[in-house]
Amino acid sequence: MQKTHVTATVNGDVKEFLCDPSDTLLQVLRDELGLTGTKEGCGSGDCGACSVLINDRLVCSCLVLGVEANGEAIETVEGIGEGDKLHVIQEKFLEHAALQCGICTPGLVVSTKALLEENPDPSEEEARYYLAGNLCRCTGYDKIIKAVMDAAKTMREKA
Amino acid sequence: MRLDHCYSMTAHVIFSSELQKFTGVREATVQAEDYRSLVIEITDRYEGLSAADIEDMSVAINGEIIVEPMLEKIDHGSEVHFLYRIEGG
Amino acid sequence: MSEAQDFKYIGQRTIRPDGHDKVTGRANYAADLSLPGMIWGKILRSPHAHALINRIDTSKAEADPNVFAVMTHADIPNQTASGIRNILARDKVFYHGHAVAAVAAVSEAAAERALGLIEVDYSILKPVMNIDDATSNDSPILHDDLFTKGMPEEPKAPSNVASRNELSKGDIEAGFAEAEVVIEREFRTATVHQGYIEPHACTVRYDEDGHSMIWCSTQGHFAVRATTASMLNIEQTKLNVIASEIGGGFGGKLGVYLEPVALVLSKKSGRPVKMQMDRNEVFMASGPGSATRNWVKIGAKKDGTITAMEAKLCYEAGWAPGSSPLGPACMTVFTPYDVDNQYVEGYEVVVNKARCAAYRAPGAPQSEYACEMVINELADELGMDPIDLRLKNVAKEGTQTMYGPKLKAVGLVECLEAARDSAQYKTALKENQGRGVASGFWFNVGGESSVVINMNEDGTGTIVEGSPDIGGSRASMQMMAAEELQMPVEAFSAIIGDTQNLPYSNPTGGSRTTFATGMAVVEAAADVVSQLKERAAATWNITPEQVEWKDGKAFNTKGEGVLTAAEICGSAAKTGGHISGRGNISARGASPSFAVHLADIEVDPDTGKTTVVRYTAIQDAGKAIHPSYVEGQYQGGSAQGIGWALNEEYVYSSDGRLENPGFLDYRIPLASDLPMIETVIVEVPNSFHPFGVRGIGETGIIPPLAACGTAVSNAIGIRMSELPMSPPKILKAIQDAS
Ligand code: FES
Ligand code: FES
């Protein structure tokens, strides 16, 4: 099968890759670009472990084709931190012990960033509904929601 | 000090319903110094009860579940229970 | 240990050592390792629930230029290894999704396509899909060599009942004769899955010289080594199993599914092989927890004294006899109650479903659900508060359990009192809301753990342990080492060793890691302390007894002088070489953890939809090393139990195919489904552990089933007796009642 040449900005760097037309963005990120921080939990858009931002829009990368990334700006969990410092969201996840096994964490960090960009002051209910696409089997979500609310507050104070 | 301490230890063994099929009794008094000799004693005493039947079970000695009891000392008056195996999740 | 110990580090909420890697995406899980030249393996699975395999023709797949290797059951070297027929079916498939053959090809997609080239000729048999059918007279028999174990008389014909268990104490008939109120009821629970978010995956490499490497996500890499080595006739020393980070297990990653297959494919192809189950395969072929049919009868006097408790428990094993947790189910069912007369009879039944795997407190949620539901009904019948009824009959130190030993100090009374005093219990309910309370009991286990603490030249230490860390246990290990050595938590890192560089450890399971591996850490740390004292003594030319270790430093009690760990370790070459402590133990004294949960649930009478409006989980931790991760276990267990109670179930078609092998239709709780889960950590120390720890990981999944079951029943005024209580079932119950 003929591969397609794709150019995309990934976490700020311009990347070029060859991509099978049926490859998902998730496969490209993990297998071509070595960005294994984005996880696969289902491959069908049901778990959110593969969440990434395309031009600041939250998507499940398992539902996007690699070729669709052409010319777009992709942000993955690897690009969330600021240089050698964690993003506030990441800090708050650690502080609140909002992860156990951590497989859902990259997706949740990315989704939380999207949430707080859209809505810097979400209610608990709004946060819960926004993050309903990110499954976590370990935590019961309690500490995740606390981390998200605390991150929102800290980010508002900083802004 | 009672004299029987010098010779051997007496343990009180309680068989699960599963093992009662072989032993015909629920409880027995067995003289043994350690778990290994206790198993030899009861498999000798009860025909049909084999060491393999016992291997499938967990053991509690004086209330404590012991995973690998082979070398366990049996104090005088100990209670030894055979239980179904416990697997965690 | 003394009753109230003062701790310097234990009990703090430190940042876990693996945390940065996990929030940045650097942490490597099962599917994250790729090797040069690597190819992809995939498994062909049975489309039928029950069928004979007449012939497997792999020739077309083998001829595919993209394919490097093809294998079937016959390619597994040790044909007598245990569990081998679940790895790849031999002459019969026993469930929809049963592995039949495997290929390795240049890409995942190519492997997938090649599976379509394998021809399997089946003779389809009628599937047996539940306990009722399996035990009916005209049921097909799954295994013609299966004779029920544990029957009073030797059975003459094969049966789908794999075994019978029985436990008793006291005189059950006399107990019921004394009773003034008797309640009996039958309950059913559906097949459920652990639902870890990370699918099973591995990357393996078989080298020409016979050495091999397995990288995989598992709760026990030593168990993976043992199973794989035995199936492939490899010496254990030639097989290194590396435990990747693990994305959830809950018992479901104790078993082995892919690794032996991947290694055979690697050997055949001469290439490293990666295999990853997709989500459908995870649901079809791994996991499930037993579906059950459980009957419980309880008798009491009018004052609430329970006189007799009786149960008949039936557990599905899936297709493989011995796979159900029937033993623990029987042992746990009545343990929260100090009642003289108890009797339980249990049956394990085989059906055409995937082989059951352990799932958090295996066996206990289903059996204790039945008991707790009847207890709550009894409280209603007696006009008693359900917590008072429990307190009146509560299991405590000295209670004779039905399974044998007497309980040591346990914290159930304290949990019940905390529930009674909780904010939630005092809050009034609104319309269409109901409240449920339930207790839970789990044994916890000890077992083998090995730990090495290597002291570095700068006086910091590296803890190497053999228990895969699923929920933050490395943080606890750091804290326990810090406490014992009286050095800051940050002075230690903690890693999970491979099977080749660390002594043996049992898997992470049975709530044993913080307890048993923690004990090994303490032992290794104490070993370090004694070596540090010896070295300081050598430096000062005094005896080790004349050295005191305090605040992370050695003090010369015979004169002037203080040496830090850094000073001692930095000059270790002069005093005898590298300092490392060791703790290889077979841990004793694991002690049960009891829990009490409260659930408030609102039911929409028009749709049957449930909303958990408030939830409190109370549990005895003995001593919480890292309270945040203890709370996390309580909350996570609660959420899984709530899912089990309200929505989760395997749905099968009439021909035995699993119809909902995905997260869309197998619905685990979402963030929007749950409220905050309030927690209370009760601490009744376990005197066998140096810091008082009890295992806490599993108990939390037990009480939600009956807490939710009772809450829904109370909300709609109808006694529900089947899980899950999904909206259609609730709606039907409401309609049937009116
Ligand atoms: S892997 Fe994309 S949503 Fe689950
Ligand atoms: S922390 Fe394990 S799935 Fe969320």
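Below, chain A is the first sequence line, B the second, and so on; all start at residue 1. All figures in this text were calculated on a predicted structure; none of them were measured in a lab. The analysis underlying the following values was restricted to heavy atoms, covering all of them including side chains, and did not include hydrogens, waters or symmetry mates.
For chain C, the nearby part of A/T139 is the backbone; its heavy atoms alone come within less than 4.5 Å. Both the backbone and the side chain of C/L664 come within less than 4.5 Å of a heavy atom of chain A. For C/Y615, no part sits under 4.5 Å from any heavy atom of chain A, backbone or side chain. In this structure, no portion of A/D23 lies under 4.5 Å from any heavy atom of chain C. For A/E91, no part sits under 4.5 Å from any heavy atom of chain C, backbone or side chain. Residue contact with chain C, scored on non-hydrogen atoms closer than 4.5 Å, is absent for A/I80.
C/R279 contributes a side-chain N or O that, together with a main-chain N or O of A/G41, makes up a donor-acceptor pair within less than 3.5 Å. Checked by atom type and distance alone, the side chain of C/Q635 never pairs as donor or acceptor with a backbone atom of A/G140 at under 3.5 Å. Side chain of C/R16 to backbone of A/Q100: a donor-acceptor contact under 3.5 angstrom is found.
Of all the listed residues (C/R13, C/E245, C/Q194), the one sharing the greatest number of non-hydrogen pairs under 4.5 Å with chain A is C/Q194. Across A/L131, A/L99, A/V109, A/T105, the residue that shares the most heavy-atom pairs under 4.5 angstrom with chain C is A/L99. When each of C/A31, C/A27, C/G195, C/S34 is scored by its heavy-atom pairs under 4.5 Å with chain A, the top score falls to C/G195. Counting heavy-atom pairs under 4.5 Å between each of C/A109, C/A639, C/G247 and chain A puts C/G247 at the top. Most heavy-atom pairs under 4.5 Å with chain A, from the set C/G248, C/G632, C/G472, C/G643: that is C/G632.
Across C/F663 and A/L135, no two heavy atoms sit closer than the pair CG-CD1, 3.5 Å. Between A/A97 and C/S628 the shortest heavy-atom distance is CB-CB, 3.6 Å. A pairwise comparison of heavy atoms in A/G102 and C/Y29 identifies C-OH, 3.1 Å as the closest pair. When every heavy atom of C/I197 is checked against every heavy atom of A/A49, the shortest pair comes out as CG2-CB, 4.5 Å.
The distance from atom CD of C/E631 to atom NE2 of A/H96, rounded to the nearest 0.5 Å, is 12.0 Å. Rounding to the nearest 0.5 Å places OH of A/Y141 at 5.5 Å from CG of C/L670. A distance of 4.0 Å separates NE2 in C/H20 from CG in A/L86, rounded to the nearest 0.5 Å. Rounding to the nearest 0.5 Å gives a distance of 9.5 Å between CZ of C/F283 and SG of A/C42. The CD atom of C/Q276 lies 5.0 Å from the CD atom of A/E40; values are rounded to the nearest 0.5 Å. Atom-to-atom distance recorded for A/D142:CG and C/T679:OG1 is 7.5 Å, nearest 0.5 angstrom.
Residues C/D32 and A/R30 are paired through a salt bridge, judged by an N-O separation under 4.0 Å between the basic side chain and the carboxylate. Using a 4.0 Å cut-off between charged nitrogen and carboxylate oxygen, A/R137 and C/E648 count as a salt-bridge pair.
A/E125 CD: 12 or fewer foreign heavy atoms inside a 6.0 Å radius.
Contact of the C/K22 side chain with the A/L94 side chain is not registered, since no non-hydrogen atoms from C-beta on lie closer than 4.5 Å.
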